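First comes the structure, then the notes that go with it.
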Number of protein chains: 2
Amino acid sequence: MRYRNIPSETIRRLPIYLRALHILKRQNKTTISSSGLSEIVAVNSWQVRKDFSYFGAFGKRGSGYDIDELAKQISKILKLHTRHRVALVGVGNLGSAVLAYPGFEPYGFDIVAAYDSDPKKIGKKIHGITVENISELRGLRKDKIDLALIAVPESAAQQIAEQLVKAGVKGILNFSPRHIQVPKRIKVFTIDIAMDLARLPFYIA
Amino acid sequence: MRYRNIPSETIRRLPIYLRALHILKRQNKTTISSSGLSEIVAVNSWQVRKDFSYFGAFGKRGSGYDIDELAKQISKILKLHTRHRVALVGVGNLGSAVLAYPGFEPYGFDIVAAYDSDPKKIGKKIHGITVENISELRGLRKDKIDLALIAVPESAAQQIAEQLVKAGVKGILNFSPRHIQVPKRIKVFTIDIAMDLARLPFYIA
DNA sequence: TTGTGTGAAAGTTTTCACAGCA
DNA sequence: TGCTGTGAAAACTTTCACACAA
């Protein structure tokens, strides 16, 4: 198949495989089979193999996948083989938690700038980052930051997104509970934790 | 069609429609067409209509949907018409932010208990909730709590999940970066914010 | 008119089954 | 013998086009 018409669901699963590979590496394992991997991530083994097959043949018949090699390949596909500089906008409860979150590091993300509009926060150092005035957002461009996290109140999210686009940001992870509109070339994922909680009751007896 | 073979994607979208209806209500609107709704949520108008049609005919031809009525219907489908009592396990950076998050309220969720293992936190009041010792988890059953949020470190998540299941919890929203295994009757959604950030670079030029 | 509700077609994703390499 | 890689079938989801009700 090799690199055409890749299901978006496959792309969604790739980071999950990568996360599992990190865990296996920490356990000093060196190889893993598709069925071994399938147990960790709760995806069928044929689905695992199919997902990888869209990009090439990474495994060895009879023994499985080399963990380091597979992790390298997935990182490359996801463009995580180079580190990414990320900005955070909104240093409230959620924003601060995101700043402190250690889970971004293994994927090569560095939060290098944080912005807020609250004068009490501007200039303060939070989890190692000095909070800047939100009016300085345009400075992102010269800092070569192309990803941003939005953790501002719902009412400000759309406006902030537009400023981020103007400042050259190409991808946005939006934590505010609202769909934000941006030009098609910009990619946005929205995480609304209430949305996920809201569909739990449907599934419970 | 009426209530059989409902796409899980439809269920995923229902809370998004509900969120949009809340916004419209705050704007004092009383009716909305499928195309009006489609603009807010970024879903095609025929998809909106199709999604509702799985459950019945809620609209009026010529004028659209009554906002209050539609919100009531969706709430009922999602079983959000009664309020839900929710427990939080893990009151670290992320857990505290979740406790402070105002976005659960409109969907009828009340976080009524919080647990941690850190003796420095136990007994303290955080965002209005007194943190209890994690060894008291079994008390959930008599408190009629059937939903839980897990915001503990990765290494503790599986064990906490098992304790929650023993305590009678039926649905779990897991913020730890690991797939957790539970009996099939229990529903788990995992939100790993690093996973979503990790697929952004793939999509940007 | 305007905008819903819905079968049928098109498109996408998962599952299967097995050939074939180490 | 064990496990990968992959066409083809099955299942699922979206899109279309239009009948029909207010």
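The figures that follow rest on heavy atoms only: side chains count, while hydrogens, waters and symmetry mates do not. Reminder, nothing fancy here: chain letters follow the sequence lines and each chain counts from 1. In this text, all values refer to a predicted model and were calculated from it rather than measured experimentally.
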*asked:* Judged by each residue's nearest nucleotide on DNA chain C, which is more toward the 5′ side, A:T10 or B:S45?
replied: B:S45
*Tell me which nucleotide among D:dT13, C:dT13, C:dT4 gets nearest to the side chain of B:P7.*
D:dT13
*Looking only at side-chain N and O atoms, does A:S63 come under 4.0 Å of OP1 or OP2 in D:dT4?*
no
*Is B:R13 salt-bridged to B:D51, cutoff N-O under 4.0 Å?*
yes
*Look at the side-chain N and O atoms of B:S35 and state whether any lies under 4.0 Å from the OP1 or OP2 oxygen of C:dT4.*
no
*Spacing of B:R12 atom CZ relative to D:dT13 atom C1', expressed in whole Å*: 11 Å
*When the distance from CD of A:E9 to P of D:dT14 is rounded to whole Å, what number comes out?*
10 Å
*Length of the line joining B:Y54:OH and C:dG7:P, which is rounded to integer Å*: 11 Å
*Below 4.0 angstrom from OP1 or OP2 of C:dT14, is there any side-chain N or O of A:R13?*
yes
_Expressed as a whole number of angstroms, how long is the span from B:L37:CG to C:dG3:C1'?_
13 Å
*asked:* So, OP1 or OP2 of C:dT4: does either fall under 4.0 Å of a side-chain N or O from B:S34?
replied: yes
*Can a salt bridge be assigned to the pair A:R19 and B:E154 using a cut-off of 4.0 Å between side-chain N and carboxylate O?*
no
_Nearest-Å distance for atom pair CZ/P, residues B:F55 and C:dG5_ = 13 Å
*Report the distance from atom CZ of A:F58 to atom C1' of D:dT6, rounded to the nearest whole Å.*
15 Å
*asked:* In the structure I gave you, are the side-chain heavy atoms of A:F55 and A:T10 within less than 4.5 Å of one another anywhere?
replied: yes
*Separation of atom CG in B:N5 from atom C1' in D:dA10, rounded to whole Å*: 14 Å
*Taking the six-membered ring for Trp and the single ring otherwise, decide whether the centroids of A:Y101 and A:F104 are under 6.0 Å apart.*
yes
_A:R83 NZ/CZ over A:F109 ring centroid, <6.0 Å and within 45° of normal_ = no
_Heavy-atom protein contacts under 4.0 Å, nucleotides 15-22 of chain C, coded B base, S sugar-phosphate only, - none_ = BSB-BBBS
*Does B:R141 use its side chain to pair, donor to acceptor, with the backbone of B:K166 at less than 3.5 Å?*
yes
_Sugar-phosphate only, base, or nothing, as touched by B:F52 at under 4.0 Å among non-hydrogen atoms_ = nothing
_Rounded interatomic separation in angstrom, taking CG from A:D51 and P from C:dT14_ = 7 Å
*asked:* Looking at B:R12 and B:E9, is any side-chain nitrogen of the basic one under 4.0 Å from a carboxylate oxygen of the acidic one?
replied: yes
